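Heads up: the structure comes next, in structure tokens.
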Amino acid sequence: MRTRTLGDLTVAAEGLGCMGMSEFYGTGDQEEAERTIHRALDLGVTFLDTADMYGPFTNERLVGQAIAGRRDEVVLATKFGNQRGEDGSFLGISGRPEYVLQACDASLGRLGVDVIDLYYQHRVDTTVPIEDTWGALKELVDAGKIRHAGISEAAPETIRRAHAVQPVTAVQTEYSLWTRDPEDDGVLATCAELDIGFVAYSPIGRGFLSGEIRSLDDLDPKDFRRHNPRFQGEAFQQNLRLVDRVREIADEKGVTASQLALAWVMAQSDRPGHPAIVPIPGTKRVAYLEENAAAVDVELSDDDLRRLDEAAPVGAAAGDRYPDMSSVHR
């Protein structure tokens with residue numbers, strides 16, 4: 001597995017998003033999830049991403065249990081900011097300094113570790129000055145509880161203000177062939193300017209770019225994608241046409257559509273004006289993990305990249321990324 005450097009943090013060129021092992025993508029399987037994490041570490045996919053809200057709280061425990069005895073192999077990332085109750089209810093977004101400190105201690109306990117390698121502000125709390133939230137993150141760095149700080153779904157000016165208080169190591173935002181917003185909204189340019197790494201979540205378009213989802217019947221009844229605007233009505237049909245164009249190129253190269261989508265994200269690190277970019281595809285199954293990890297060996301020619309740009313240009317996907325977009329890019 002190759003590596004990339006996010007700020008001054010070296011990570012695997014491809015990470016593993018662990019969210020779906022506990023929630024949102026249908027029923028989970030604890031044993032298979034742990035096998036998937038162990039296999040990831042064996043393959044060098046050592047950059048693991050979780051958050052306190054996943055489960056809620058159960059995903060951190062799962063990851064902590066899976067890495068017990070192998071902690072030194074892992075670059076461990078988790079997040080705070082989306083508050084949830086034990087019953088799963090959503091309580092809002094908080095960037096209050098006292099909450100940041102409490103949330104970190106709670107995450108350390110659930111993960112069973114002494115330090116978090118990369119601690120993200122999951123969503124921006126517009127009722128709290130970003131400087132106050134990041135002052136708390138600086139305290140955590142100084143106390144040795146976290147090594148690096150990051151932010152998710154933040155606008156360029158927010159990133160700049162946070163970075164002035166405590167260096168931002170990584171910005172995490174959705175990015176893929178069907179979500180190319182960071183190219184247009186200044187986020188990638190800001191990261192490149194400030195030497196901040198970029199972590200791409202949902203790099204396979206929430207699984208849509210795999211080409212294996214042809215209707216909502218292909219999704220678990222509890223799968224949150226059933227309520228995602230991009231999976232609805234005419235938007236779904238338009239997005240299928242985009243996927244089919246990508247899949248055609250993948251077939252010609254003898255790779256899967258998922259591998260092609262991941263290779264495209266990784267190739268964006270080499271574009272002028274872009275920062276180091278690391279995708280963190282999520283999966284809860286060993287077979288998909290192995291398929292995704294093999295994407296690091298997919299070489300894309302200039303012609304491949306040109307054809308993919310034509311097949312999935314900026315703004316090509318139909319529908320919003322979330323049913324409620326109010327908490328992103330703030």
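Predicted, not measured: the structure shown is a model, and the values here were computed from it. Both backbone and side-chain heavy atoms feed into the values below; hydrogens, waters and symmetry mates do not.
- Under the 3.5 Å distance criterion, the side-chain polar atoms of Thr46 are left unmatched by any main-chain donor or acceptor of Leu41.
- Between Arg110 and Asp105 there is no salt bridge, since none of the side-chain N atoms of the basic residue sits less than 4.0 Å from a carboxylate O of the acidic one.
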Test side-chain contact (heavy atoms from CB on, under 4.5 Å) applied to Leu300 and Val298, step by step: CA-CA 6 Å; Leu300 299 182; Val298 176; 4.0 Å; yes
Test side-chain contact (heavy atoms from CB on, under 4.5 Å) on Arg180 and Asp309 and set out the steps. CA-CA 10 Å; Arg180 297 182 61 173; Asp309 279 342; 3.0 Å; yes
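- Residue Ser258 comes nearest to Glu291 through the heavy atom pair CB-OE2, 3.6 Å, listed as atom of the first residue, atom of the second, then distance.
- For the pair Arg225 and Asp220, the salt-bridge criterion is not met [side-chain N within less than 4.0 Å of a carboxylate O].
- Salt bridge present: Lys253 and Asp304 bring a charged side-chain N and a carboxylate O closer than 4.0 Å.
- Taking 4.0 Å as the cut-off between side-chain N and carboxylate O, Arg307 and Glu310 do not count as a salt-bridged pair.
- Between the side chain of Gln232 and the backbone N or O of Arg226 there is at least one donor-acceptor pair closer than 3.5 Å.
- The local environment of CD in Glu31 is sparse, with at most 12 non-hydrogen atoms from other residues, nucleotides or ligands closer than 6.0 Å.
- Side chains of Asp297 and Gln259: no donor on one and acceptor on the other come within 3.5 Å.
- When the side chains of ILVMFWY residues are joined at heavy-atom separations under 4.5 Å, either directly or via intervening members, Phe47 and Leu76 end up in two distinct hydrophobic clusters.
- Nearest heavy-atom pair across Pro281 and Gly15 is CD-O, 3.4 Å.
- Not one N or O on the side chain of Asp52 forms a donor-acceptor pair closer than 3.5 Å with the backbone of Ser107.
- Here the OG atom belonging to Ser210 is positioned 7.5 Å from the CD1 atom belonging to Ile204, to the nearest 0.5 angstrom.
- Using modelled atom types, one side-chain atom of Asp218 and one backbone atom of Arg214 make a donor-acceptor pair closer than 3.5 Å.
- Minimum heavy-atom separation, Ala276 to Thr5: CB-O, 3.3 Å.
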Hey, mind stepping through Glu252 and Arg247 against salt bridge (charged side-chain N to carboxylate O under 4.0 Å, His left out) and telling me if it holds? CA-CA 9 Å; Glu252 290 178 18; Arg247 192 169 190 171; over 6 Å; no
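- Residue Val314 is not grouped with residue Val187 when hydrophobic side chains (ILVMFWY) are merged at heavy-atom distances under 4.5 angstrom, including chains of intermediate members.
- Listed for the Gln166 side chain is no donor-acceptor partner under 3.5 Å among the backbone atoms of Ala162.
- With 3.5 Å as the limit, one finds a donor-acceptor pair spanning the side chains of Glu34 and Gln30.
- Using a 4.5 Å heavy-atom cutoff, the side chains of Phe57 and Glu86 are in contact.
- Residues Ser22 and Gly55 share a closest heavy-atom pair of CB-CA, 4.3 Å.
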Working note: Leu137 + Phe80, criterion side-chain contact (heavy atoms from CB on, under 4.5 Å); need CA distance, chi angles, decisive distance, verdict. CA-CA 11 Å; Leu137 285 168; Phe80 72 91; 3.8 Å; yes
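- Between the NZ atom of Lys284 and the CG atom of Leu62 there is a distance of 12.0 Å, given to the nearest 0.5 Å.
- In this structure, a donor-acceptor pair under 3.5 Å is absent between the side chains of Ser152 and Gln121.
- Cation-pi check for Arg161 over Trp134 is not met; the charged atom does not lie both under 6.0 angstrom from the ring centroid and within 45 degrees of its normal.
- Under the 4.5 Å side-chain criterion, counting only non-hydrogen atoms from C-beta, Met53 is in contact with Phe90.
- Judged purely by atom type and a 3.5 angstrom limit, Arg245 uses its side chain to pair as donor or acceptor with the backbone of Ala311.
- With no hydrogens or angles considered, no side-chain donor-acceptor pair links Asp181 and Thr179 at under 3.5 Å.
- Of the N and O atoms on the side chains of Thr50 and Asn59, at least one donor lies less than 3.5 Å from an acceptor on the other residue.
- Arg71 places a side-chain N or O within donor-acceptor distance of the main-chain N or O of Val74, the cut-off being under 3.5 Å.
- Linking Ile, Leu, Val, Met, Phe, Trp and Tyr whenever their side-chain heavy atoms come within less than 4.5 Å leaves Val128 and Leu101 in two separate clusters.
- From Thr158, atom OG1 reaches atom CD of Glu131 across 9.0 Å, with rounding to the nearest 0.5 Å.
- Geometric assessment of Arg206 against the ring of Tyr322 yields a positive cation-pi assignment under the 6.0 Å and 45° thresholds.
- Here Ile116 contributes atom CD1 and Arg147 contributes atom CZ; the two are 10.5 Å apart, rounded to the nearest 0.5 Å.
- Between Arg70 and Asp42 there is a salt bridge, since at least one side-chain N of the basic residue sits less than 4.0 Å from a carboxylate O of the acidic one.
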Candidate pair Asp125 and Tyr99, rule side-chain contact (heavy atoms from CB on, under 4.5 Å), full reasoning: CA-CA 12 Å; Asp125 182 352; Tyr99 170 71; over 6 Å; no
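- Using a cut-off of 4.0 Å between Lys/Arg side-chain N and Asp/Glu carboxylate O, Lys138 and Asp142 are scored as salt-bridged.
- The side-chain heavy atoms of Ile151 and Tyr120, taken from C-beta on, include no pair separated by under 4.5 Å.
- One N or O on the side chain of Arg2 and one on the backbone of Val296 form a donor-acceptor pair closer than 3.5 Å.
- Neither side chain, Ser327 nor Glu153, offers a donor N or O lying under 3.5 Å from an acceptor on the other.
- Between Ile196 and His163 the shortest heavy-atom distance is CD1-ND1, 3.9 Å.
- Rounding to the nearest 0.5 angstrom, the gap separating the CG atom in Leu240 from the OG atom in Ser215 is 9.0 Å.
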Show the numbers, then the answer: is there a side chain to side chain donor-acceptor pair (under 3.5 Å) between Arg241 and Gln238? CA-CA 5 Å; Arg241 292 190 286 272; Gln238 180 175 325; 4.8 Å; no
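- When Glu32, His38, Arg39 are each tested for a side-chain contact (heavy atoms from CB on, under 4.5 Å) with Thr36, only one passes: Glu32.
- In this structure, His122 contributes its side chain and Asn82 its backbone to no donor-acceptor pair below 3.5 Å.
- In terms of heavy-atom proximity, Leu6 sits nearest to Val278 at CD2-CG2, 3.9 Å.
- Clustering ILVMFWY residues whenever any of their side-chain heavy atoms sit less than 4.5 angstrom apart, transitively, puts Tyr288 in a cluster other than the one holding Leu16.
- Contact of the Tyr119 side chain with the Cys104 side chain is registered, since non-hydrogen atoms from C-beta on lie closer than 4.5 Å.
- Checking side-chain atoms of Arg4 against main-chain N and O of Met266 turns up a donor-acceptor pair under 3.5 Å.
- Between the side chains of Glu174 and Ser202, no donor-acceptor pair is found at a separation under 3.5 Å.
- The cluster map of Ile, Leu, Val, Met, Phe, Trp and Tyr, joined by side-chain heavy atoms under 4.5 Å apart, puts Met19 and Tyr201 in different clusters.
- Here the straight-line distance linking atom CD of Glu14 with atom OG1 of Thr3 works out to 13.5 Å at 0.5 Å rounding.
- Checked by atom type, the side-chain pair Ser301/Asp303 shows no donor-acceptor distance below 3.5 Å.
- Salt bridge Lys79/Asp49: present, at least one basic N to carboxylate O contact under 4.0 Å.
- Salt-bridge annotation for Glu23 and Arg84: present, with a side-chain N of the basic residue lying under 4.0 Å from a carboxylate O of the acidic one.
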